[in-house]
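If you're wondering where the values come from, they're calculated on a predicted model, not measured in any experiment. Below, chain A is the first sequence line, B the second, and so on; all start at residue 1.
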Amino acid sequence: MVIDLNRCTGCSGCVTACYAENNVPVVGPEMVAMGREMSWLRVERYYEEHPAEPVQFLPMLCQHCDAAPCEPVCPVFAAYHTDEGLNGQVYNRCIGTRYCANNCPWKVRRFNWFEPDWPEPLNWQLNPDVTARSRGVMEKCTFCVQRIRGGERQAKIDQRPLRDGDIVPACAQACASRAIVFGDLMDPNSEVSRLIESNRRYQVLGELNTRPAVIYLKRVVRDGEA
Amino acid sequence: MSMATPLTYQQIDEEVIRTLAPVTGRYRIALGISAFLAAMMFLAWLLQVMYGMGLTGLNVPVSWGCYIVDFVFWVGIGHAGTLISAFLYLFRVPWRTAVYRVAETMTVFAVMTAGLFPLIHLGRAWVFYWTMPIPNRAHLYPNFKSPLVWDVLAISTYLTISSLFWYLGLLPDLAAVRDNSHGVKRRFYRYLALGWHNRWEQWRHYTRAYLGFACLAAPLVLSVHTVVSFDFSMSVVPGWHSTIFPPFFVIGAIHSGLAMVLLLVIPGHRLLKLQKLIGMRHFEGLAQLLLFTTTFMAYSYGMELFMAWYTGDIFERSQFLYRMTGHYAWAFWGMILFNGVVPFALASRRIRTSQRWLLVISLLILIGMWLERFVIVVPSLAHDFLPNAWGIYKPQPIELVITVGSFGFFFTLFLACIRLLPAMAMSEMKEEDVHHRLEAAR
């Protein structure tokens, strides 16, 4: 996934789309104040004394690291690595030790502290393609694995190879400025492969060498101008 | 406190078996309070299993809190018991005998108490057994790369070996109690004594087995808390990912455990009127060990701070600055004071030989060691890599109830055992007398 920070406006449309697509529970203001919000994707804000950029923001989600620190520490293999390079979370295997959350440097993993609650008519809005999690299990961004499987399934039905653009995660779909792009880095013709050629590219906490799959493109601002 | 003329075998038996006499009012109150606290703990845990971990103050990023602190604390306390019973046995330290039974009993119950906490802190405690390599239909093993699975193996090994070692050492004493009892009590101790009749072959097997267990248990003193420290040092979290953790944790464990032994033995020997058998010689031995562990603790605190600066890593430096000046600075400085500064008073002979001062210092050490575990777990999680992810953890009442309740659980078991089982190793004391018959205790 490539996220171009030049395009990101911090509108949080991606966050909302993720909530809707992935049955992410809403926990209420008290719990959010305690630090228990369930957002799989968050827009990080940093405030700085800078004439052109007093606020900087960055969408932060599971980096799906190739050498994910959350995977070796799970005692029951609930956090594991798929063949396609996704960092998977198996909800019904998770026993809730929360070690994976501790070991994630980006702190993108979320825990269900209470049983999630969807009072009528919110339960009608749930996405049937996505498991609704119970209390006591960890969850996090899956790169919309249901859409990945859906795209693969459709390509199989149509008897054609998977094309770039067949799979669009909810956040990429909702982004009004097309800041988020998802694709196959192994495909040299995909848009992500083209985008990572940029010299603005970097990985958040890349120096930890966990090989994140999310590449950010640095925001470039002309100095001194508002 | 000096011990007068050495006691005969019969006198040693009488002194110790006398402590199993009918209970006093004070004992009943103590047992009652402990049992009440333990019951509150189980009730709180039930509420938590019914409603969810949200009843605690945990959040993201601080998803480990009081329960993990309590777990490490209790496992640590257990280590001093094994040090005294196994390690000091192998090194033939003379003053070990009188306190070894209390210490080993403390270990067994401390490890049992500690073993509750990995269950208490689980989000789905009812499937805890998935961490164990039990055959199942899905052909799934637990993840042996995970330090938590190593914990399961280490703690269960520790509990098994400690319990068996403890029970083995008890056999000759249980037989002595059996021989001195009548009626129902005699039958009870007859079952427990497993047919011990002071026969030569039994003693031969006993001494071999005892040595075997001591050899098995002694490495556990070093390995078990090392494995617990791996929960932290094998992660990437700044403030956890540190190579000093294994020895730091092991020595810290012995530090807290020795303090707990002193806290149990000093009031205990007065209440049980065992002054003829336990004296300042034993307390001073423990205090000298405490002085040694204090120097190592002070070194560890200093070295961690030095390395955080020396490494130049911004995350590491930021973490340690946060520990010293951030939201939990009170815990950090309390830890430094109670563990690394105050116990140096034990260098003074006057303080080391004063029962009152030993009690005060032991209590402060226990508080300091709990604070140390807290400082290791909470600020590291609250203040790690990304500033946007930083958070605060405020423990909630349910965690307090369970933490205090764990002390109730421990003391319920311990007090019950003090009245049911001989509080001192009578057979070993007789052995010691033979070797040091004319030596007067100082």
Side-chain angles (χ1 to χ4, degrees), chain A residues 27 31-39 42-46 56-58 60 68-80 91-116 134-138 140 204-205 207-210, chain B residues 49 51-64 68 118 121-132 138 140-152 231-232 234-238 240-241 313 315 377 380-382 384-394 396:
Chain A
V27 296
M31 294 271 276
V32 173
M34 271 182 91
R36 291 180 177 172
E37 69 277 7
M38 296 299 289
S39 48
R42 64 177 185 265
V43 176
E44 297 198 339
R45 291 187 304 279
Y46 291 100
Q56 298 169 23
F57 28 76
L58 179 154
M60 175 53 64
C70 58
E71 287 163 12
V73 294
C74 174
V76 289
F77 287 122
Y80 78 111
Y91 306 126
N92 49 357
R93 180 70 174 164
C94 176
I95 62 173
T97 61
R98 305 184 296 284
Y99 200 169
C100 56
N102 291 342
N103 226 25
C104 174
W106 299 267
K107 289 292 183 288
V108 289
R109 285 176 155 273
R110 298 281 175 256
F111 186 72
N112 285 284
W113 301 101
F114 289 116
E115 190 71 33
S134 68
R135 69 182 161 94
V137 300
M138 297 294 306
K140 64 173 186 69
V204 176
L205 296 176
E207 66 269 27
L208 295 179
N209 204 28
T210 59
Chain B
V49 171
Y51 292 108
M53 292 304 294
L55 292 177
T56 65
L58 297 166
N59 57 24
V60 174
V62 189
S63 40
W64 278 2
I68 297 298
H121 106 286
L122 283 183
R124 294 206 300 162
W126 47 96
V127 281
F128 72 95
Y129 56 88
W130 287 350
T131 55
M132 301 173 184
L140 285 172
Y141 276 116
N143 179 5
F144 289 111
K145 281 195 214 162
S146 168
L148 295 181
V149 175
W150 305 341
D151 260 357
V152 169
D231 284 347
F232 304 103
M234 294 287 171
S235 73
V236 302
V237 180
W240 281 10
H241 187 63
D313 179 51
F315 302 117
V377 174
S380 312
L381 292 176
D384 67 345
F385 294 97
L386 295 179
N388 183 263
W390 290 345
I392 302 288
Y393 163 65
K394 294 197 178 89
Q396 295 296 302

Among A:Phe111, A:Tyr80, A:Phe114, which residue has the highest count of heavy-atom pairs closer than 4.5 Å to chain B? A:Phe114
Part of A:Met60 lying under 4.5 Å from any heavy atom of chain B: side chain
Given A:Arg42, A:Met31, A:Glu115, A:Met138, the one with more heavy-atom pairs under 4.5 angstrom with chain B than any other is A:Arg42
Given 3.5 Å as the limit, does a donor-acceptor pair link the side chain of A:Arg109 with the main chain of B:Val60, or not? no
As an exercise, state the distance from CG of B:Asp151 to OG1 of A:Thr97, rounded to the nearest 0.5 Å. 10.5 Å
Toward chain B, the part of A:Glu37 with a non-hydrogen atom under 4.5 Å: neither
Chain A: which of B:Val62, B:Ile68, B:Asp384 shares the most heavy-atom pairs with it under 4.5 Å? B:Asp384
Between CE on residue A:Met34 and CD1 on residue B:Ile392, distance to nearest 0.5 Å: 12.0 Å
Just by modelled atom types, is the B:Asn388 backbone N or O under 3.5 Å from a matching donor or acceptor in the A:Arg45 side chain? no
Measure B:Val377 against the heavy atoms of chain A and call it side chain, backbone, both or neither at under 4.5 Å. neither
Relative to chain A, which of B:Val149, B:Leu58, B:Leu140 shows the most heavy atom pairs under 4.5 Å? B:Leu58
Let me confirm one number: the CH2-OH distance from B:Trp64 to A:Tyr99, rounded to the nearest 0.5 Å. 5.0 Å
Could you tell me whether B:Phe144 atom CZ has more than 12 heavy atoms of other residues or ligands within 6.0 Å of it? yes
Which distance, rounded to the nearest 0.5 Å, do you find between the OG of B:Ser63 and the CZ of A:Arg36? 11.0 Å
With sequence neighbours left out, the residues meeting ring pair (Phe, Tyr, Trp, His ring centres under 6.0 Å) with B:Trp130 are none
Here the pair of heavy atoms bringing B:Asn59 nearest to A:Gly35 is CB-O, 3.4 Å
Which portion of A:Pro69 sits near chain B, non-hydrogen atoms under 4.5 angstrom: side chain
Got A:Pro105 and B:Val236 here, is their nearest side-chain heavy-atom distance under 4.5 Å? yes
Honestly, the part of B:Trp150 sitting under 4.5 Å from a heavy atom of chain A is neither
Examine whether an atom of A:Leu208 lies under 4.5 Å from a heavy atom of chain B, and if so say whether it belongs to the side chain, the backbone or both; otherwise answer neither. side chain
Need one label for A:Tyr46: side chain, backbone, both or neither, based on atoms under 4.5 Å from any heavy atom in chain B. side chain
Is any side-chain heavy atom of A:Pro75 closer than 4.5 Å to one of B:Phe128? no
Select one option (side chain, backbone, both, neither) describing which atoms of B:Phe232 are under 4.5 Å from chain A's heavy atoms. backbone
Among the listed options A:Cys94, A:Ser134, A:Cys104, the residue most often paired with chain B at heavy-atom distances under 4.5 Å: A:Cys94
Counting heavy-atom pairs under 4.5 Å to chain B, which of A:Val204, A:Leu205, A:Thr210 comes out on top? A:Leu205
Under 4.5 Å from a heavy atom of chain A, the part of B:Thr56 involved: both
B:Phe315: what forms a ring pair (Phe, Tyr, Trp, His ring centres under 6.0 Å) with it, not counting sequence neighbours? B:Phe385
Test item: B:Leu381 and A:Asn102 side chains (from C-beta on) under 4.5 Å apart, heavy atoms: yes
Quick check: do A:Val76 and B:Asn143 have side-chain heavy atoms less than 4.5 Å from each other? no
Chain A contact via B:Pro238 - which portion, at a heavy-atom distance below 4.5 Å: neither
Given the options B:His121, B:Met234, B:His241, B:Lys394, which has more heavy-atom pairs under 4.5 Å with chain A than any of the others? B:His121
